[in-house]
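Data first, discussion second: the structure below is written as structure tokens.
Throughout, protein chains are lettered first and strands after them, A, B, ... in sequence-line order, and every chain is numbered starting at 1.
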Number of protein chains: 2
Amino acid sequence: MNIKHSKEDVLNKGMMLFRLNGYHNTGTNEILRETGISRGSFYNFFKDKDDFGVQVLDYYTMSTTNYINELLNKKGLNAKQRIVHLFEIFTESYTKVNYKWGCLLVGMTQELSGINELFTQATGRNFEELIKPLTICIQQGQEAGVINKGQKPRAMALSIWGSYNGALVLMKSGLHQEPLDAFLENLNKTLKV
Amino acid sequence: MNIKHSKEDVLNKGMMLFRLNGYHNTGTNEILRETGISRGSFYNFFKDKDDFGVQVLDYYTMSTTNYINELLNKKGLNAKQRIVHLFEIFTESYTKVNYKWGCLLVGMTQELSGINELFTQATGRNFEELIKPLTICIQQGQEAGVINKGQKPRAMALSIWGSYNGALVLMKSGLHQEPLDAFLENLNKTLKV
DNA sequence: TTGCATATAGATAGATCGGTCTAATTAATT
DNA sequence: AATTAATTAGACCGATCTATCTATATGCAA
């Protein structure tokens, strides 16, 4: 009796595994075991492990971007408040798992960008996707006068997203909350008019 | 005819390899080939690969901390100027290698912290070492009135070092300069009285 | 010099890696 | 219903992984 698995389920599981244990540290055997899929099916869905990795990364970025857009379009808050709210929600999600996993894009960047051509392109592309909504929201906030104009939207988005990513790394390096709080504190200062 | 290698040479080479290609993506064979050391010698120096990795990380932090201290004690500049100068020098070093490598502590954190007990302790410990000089310098700057007092020294150091680490990740994800410039721009704003 | 600890060399081992292959099953098409 | 295409299953393969093992060479102390 054969079992049918959706490709999305496999991508989801792979995402979780890569975020928890990293790309090189996650073998295909582990992916097969965790998803219950067979080796034949895996290589029917995906050309090879790298192809799988890139698809997982694209999938991660797509879902994350959707969620970001949702939060940054919330009614009843101004642009600045929406951004602060976004990062409060995001940092909380890491608190909830005891700081044990990180941003997949950060991890894949560290492990693969600059080494593997496919992933070098993928990390660059996904990073641009991820930062787009924030850039737009900052621009709106500056036009509305609720965010300071000390940096151009793009540069400010880079600063903030960078600070956020860095906070996640520091968090993971000591498995504690402190860097996330420092980031949120600094975020308010960065945005303040 | 046997050849004698210093342990420090091997640590140095390992540091370079891990920064370039990551921990799991660097095999012992590659380490042996690059250093010219034999397998027997390697396992005479180091208990196993993990032990080697931790020693490399400790070595990296020690040399980096020494360099930070040197830059943060430079005569003729005030605390704020010394911090800005430090990060200008540091970011430049990545520009020079075409954004192809990252901070070893960031990489090891992503790959190993939270997974491997030995490395979890090591990343936490090394991160604390690395941030210490910056914290002290910020405190001096605040007391001297050249750095704003909006955040406590420790929190500001976390914000800044986090932003710096995040900028390195964004840099590597797209292999470009932009996030480094955005970070330096933002750094000035963070410090300004 | 003798004796002993340490360092080097490299063959070898067992486990695991990513990936292929054939056969069986299921789905789609005519 | 018959035929073809797509999917699933899992045995299997060569390559590579980390680590050990034995033998040889070297440094040092008595």
Any protein N or O atoms within reach of nucleotides 16-20 of chain D? Criterion: under 3.5 Å, listing atom names and distances.
residue: D:dC17; atom: OP2; partner: B:Asn29; partner atom: ND2; Å: 3.4
residue: D:dT18; atom: OP1; partner: B:Lys49; partner atom: NZ; Å: 3.0
residue: D:dT18; atom: OP2; partner: B:Thr28; partner atom: N; Å: 2.6
residue: D:dT18; atom: OP2; partner: B:Thr28; partner atom: OG1; Å: 2.9
residue: D:dA19; atom: OP2; partner: B:Tyr43; partner atom: OH; Å: 3.1
residue: D:dA19; atom: OP2; partner: B:Lys49; partner atom: N; Å: 2.9
residue: D:dA19; atom: N7; partner: B:Arg39; partner atom: NH1; Å: 2.5
residue: D:dA19; atom: N6; partner: B:Arg39; partner atom: NE; Å: 3.4

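- Protein atom CG of B:Asn44 is 11 Å distant from nucleotide atom C1' of C:dA5, rounded to whole Å.
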*Would B:Asp50 and B:Tyr23 count as a side chain to side chain donor-acceptor pair (under 3.5 Å) if you check the C-alpha gap in whole Å, the side-chain angles of each, and the deciding distance to 0.1 Å?*
CA-CA 9 Å; B:Asp50 281 2; B:Tyr23 182 74; 2.6 Å; yes
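- Residue pairs meeting the ring pair (Phe, Tyr, Trp, His ring centres under 6.0 Å) criterion with at least one member in residues 55-86 of chain A, sequence neighbours excluded: A:Tyr67-A:Phe90.
- In this structure, the CZ atom of B:Phe46 is 11 Å from the P atom of C:dT8, given to the nearest Å.
- Atom-to-atom, CD1 of A:Ile37 to P of D:dT8 comes out at 7 Å; the value is rounded to the nearest Å.
- Heavy-atom neighbours of A:Lys189 NZ from other residues, nucleotides or ligands within 6.0 Å: above the threshold of 12.
- Between the CG atom of A:Leu118 and the C1' atom of C:dG18 there is a distance of 16 Å, rounded to whole Å.
- The only option from B:Arg33, B:Arg39, B:Lys49 that meets the side-chain hydrogen bond (donor to acceptor under 3.5 Å, both in side chains) definition with B:Thr28 turns out to be B:Arg39.
- In this structure, B:Trp101 and B:Phe18 have side chains that are not in contact, with every pair of non-hydrogen atoms separated by 4.5 Å or more.
- Qualifying side chain to side chain contact (heavy atoms under 4.5 Å, CB included) partners for B:Ser6, counting only residues two or more places apart in sequence or in other chains: B:Glu8, B:Asp9.
- Contact annotation: B:Ser41 side-chain N/O to C:dT8 OP1/OP2 distance is under 4.0 Å.
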